[in-house]
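Presented below is the structure to which this report refers.
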Amino acid sequence: VLSSQSMRTSSISYSHTFPSIGLTVSSSMNLSQNVKDSIISLNLPSLNISLAKKYPFKRRKRKGDERWYEKISVSYSGQFNNSISTKEYKILKSNFLTDWSNGVKHTIPISATFQLFDHINITPSFNYTARWYFKKINQSWDDVTNSVVRDTVSGFHRVYNYNLSLSANTTLYGYYKPAWFMKKSRIHTVRHVFKPSLSFSYAPDFGNERYGYYGTYVYTDEDGEARTVEYSPYQGMAFGVPGKGMQKSFNFSIDNNLEMKVKSDKDTTGVKKISLIDQLSANMSYNAAAQTRPWSDLSMNLRLKLTKSYTF
């Protein structure tokens, strides 16, 4: 318990892991009270559940090579949150559905990694997120009072979103050794590591009317012009609302590393490793769904190891 002249806070937490099934459960309760205005902020409870990565299609007793579907992995994380901020005397009179901010969030990532031509790693993935809310707040304009009317609708509301992605990457090695007529050279070997990668991600436009995550109301301003205001019935909820806009993005990146081994009498191996370029990378993306500026800026990074203690 922490206290000051104006604030008092208390918290309780609990966590337990079930190693046999890879499940971790944690819970907490947080209470803060403002002594000056008697406002209490209460989080009761906050529950988190996480399940380690599983391979549901993997055979217990495998015979022969691993099948492609045995590489599919699934994991899960869940959250439940229930909170309120109000005057102290209103806590016991509060309504769970209308006064408390609560919700449940489920996150399920599914992925697998395959090898193409024994050198290229292909990773498809699917990420699904579902939010369970027990109310939504519709908004409308009242011409009589010239104000926004908020109507709380109790019930079960599922707000979900998902995205798909596919990535490919590989690692290429290049070696240089001095020719036979350069035997006096102290250069033993120069190695270049080149890592190109390409990825594609897709997500539909969850601002589309058919999902019902966004709404509008119309009012008339002081000049007599009709104005349309967009809002979300789930704005301010425990786990938010999916963003708007379709995503069709391609991402390109390369990474380089350059090292050199030189002959050295001081080293027991007879050679000494020198980092010429520790990292030289570049990244750029293209959003096929963007109406303007589909290409991102080109981002580059250079890292040099000047000495064992200094990096530029």
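By convention here, the first residue in the shown sequence is residue 1.
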Ring pair (Phe, Tyr, Trp, His ring centres under 6.0 Å) contacts in which one or both residues fall within residues 17-41, not counting sequence neighbours: His16-Phe18

Name all residues meeting the side-chain hydrogen bond (donor to acceptor under 3.5 Å, both in side chains) criterion together with [X]; count only those two or more places apart in sequence or in a different chain, and write none if there are none.
X: Thr216; result: none
X: Ser125; result: Ser165
X: Tyr14; result: none
X: Ser111; result: Ser73

Contacts of type side chain to side chain contact (heavy atoms under 4.5 Å, CB included), residue [X], not counting sequence neighbours:
X: Val148; answer: Gln139, Trp141, Arg150, Tyr217
X: Leu304; answer: Ile277, Leu302, Leu306, Phe312
X: Lys305; answer: Ser275, Asp278, Thr311
X: Met284; answer: Trp295, Ser296, Leu298

Asn287 and Arg293: CA distance, side-chain angles, deciding distance, side chain to side chain donor-acceptor pair (under 3.5 Å) verdict: CA-CA 8 Å; Asn287 187 0; Arg293 297 193 72 236; over 6 Å; no

Parallel, tilted or perpendicular: ring planes of Tyr234 versus Tyr213, cut at 30 and 60 degrees: perpendicular

Shortest non-hydrogen contact from Asn102 toward Phe134: OD1-CD1, 3.3 Å

What donor-acceptor contacts under 3.5 angstrom involve side-chain atoms of residues 235-247, with partners at least two apart or in another chain?
residue: Lys244; atom: NZ; partner: Glu230; partner atom: OE1; Å: 2.8
residue: Lys244; atom: NZ; partner: Glu230; partner atom: OE2; Å: 2.7
residue: Gln247; atom: NE2; partner: Ser201; partner atom: OG; Å: 3.0

Connected hydrophobic set around Tyr173, excluding itself, where side chains approach under 4.5 Å: Tyr175, Val193

Listed partners of Asp223 passing salt bridge (charged side-chain N to carboxylate O under 4.0 Å, His left out), at least two apart: none

